[in-house]
Amino acid sequence: MFAILGATGKVGRATIRTLLGQGHTVRAIVRDASRATELAAAGCELAIAHLGDQAQLAAAFKGAKAVQVICPVLARGDDAFGEMKGMVDTLTAALAA
């Protein structure tokens, strides 16, 4: 099982296509299941998780042998560095769990 964050983006979709093409099981981690119907139809398991929710992420990562993490850059945020650090800290804790 490979878990893919950023599954609905360009890189995530390319990774998923490659993994499914090689016969691997893939879990697409998305914020909104309605944007992932194509991924589900292609054979992905879907997990709903927000990047700021450690419990949701840990549940989405459970049983995966690898996780692809793609963090969105929040360059226009009031505190882009702080927001990115918080996202990375949450992801780190979820992966450790």
Side-chain angles (χ1 to χ4, degrees):
M1 168 66 70
F2 291 86
I4 309 298
L5 277 165
T8 59
K10 184 176 180 178
V11 174
R13 287 181 188 273
T15 301
I16 288 169
R17 266 193 313 274
T18 299
L19 290 170
L20 289 175
Q22 294 174 352
H24 296 289
T25 304
V26 177
R27 181 178 300 135
I29 304 171
V30 298
R31 290 175 293 198
D32 180 357
S34 69
R35 293 187 58 214
T37 55
E38 177 187 326
L39 297 173
C44 287
E45 177 183 317
L46 296 182
I48 307 302
H50 295 269
L51 288 174
D53 190 315
Q54 179 185 336
Q56 287 180 346
L57 290 169
F61 298 161
K62 188 172 179 138
K65 72 177 188 177
V67 178
Q68 176 174 290
V69 176
I70 300 172
C71 295
V73 176
L74 308 169
R76 293 190 176 129
D78 292 335
D79 180 15
F81 177 78
E83 290 177 32
M84 182 62 76
K85 182 178 180 329
M87 190 183 324
V88 170
D89 290 345
T90 300
L91 285 163
T92 301
L95 287 164

Next on the checklist: Within the supplied structure, the quantity of interest is the number of heavy atoms (other residues, nucleotides, ligands) at a distance under 6.0 Å from Asp78 CG; does it exceed 12?
Outcome noted: no
Next on the checklist: Are the side chains of Leu20 and Phe2 in contact, using a 4.5 Å heavy-atom criterion?
Outcome noted: no
Item to check | Min side-chain heavy-atom separation Leu39-Arg13 under 4.5 Å | outcome: yes
Checklist entry - Between Leu46, Thr15, Ile16, Thr18, which is the residue that forms a side chain to side chain contact (heavy atoms under 4.5 Å, CB included) with Val26? => result Ile16
Item to check | Student check: side-chain heavy atoms of Leu5 and Leu51 closer than 4.5 Å | outcome: yes
Item to check | Heavy-atom pair of closest approach, residues Ile29 and Ala49 | outcome: CG2-CB, 3.7 Å
Checklist entry - Are Leu95 and Met87 connected, step by step, through hydrophobic side chains (Ile, Leu, Val, Met, Phe, Trp, Tyr) whose heavy atoms are closer than 4.5 Å? => result yes
Next on the checklist: Between Leu19 and Ile4, is the side chain to side chain contact (heavy atoms under 4.5 Å, CB included) condition met? List the steps.
Outcome noted: CA-CA 10 Å; Leu19 290 170; Ile4 309 298; 3.9 Å; yes
Checklist outcome for this item: Residues Leu57 and Ala94: closest non-hydrogen pair is CB-CB, 3.5 Å
Item to check | Considering all heavy atoms, the nearest Ser34-Asp32 contact | outcome: OG-OD1, 2.6 Å
Checklist outcome for this item: In short, Ala60 meets Arg27 closest at the heavy-atom pair O-NH1, 2.6 Å
Checklist entry - Hey, is the main chain of Val30 close enough, under 3.5 Å, to the side chain of Arg35 for a donor-acceptor pair? => result no
Next on the checklist: Please find the pair of heavy atoms, one from Ala64 and one from Val67, that lie closest to each other, and give the distance.
Outcome noted: CB-CG2, 4.3 Å
Next on the checklist: Measuring from atom SG of Cys44 to atom CD of Glu38, what distance do you get when rounded to the nearest 0.5 angstrom?
Outcome noted: 9.5 Å
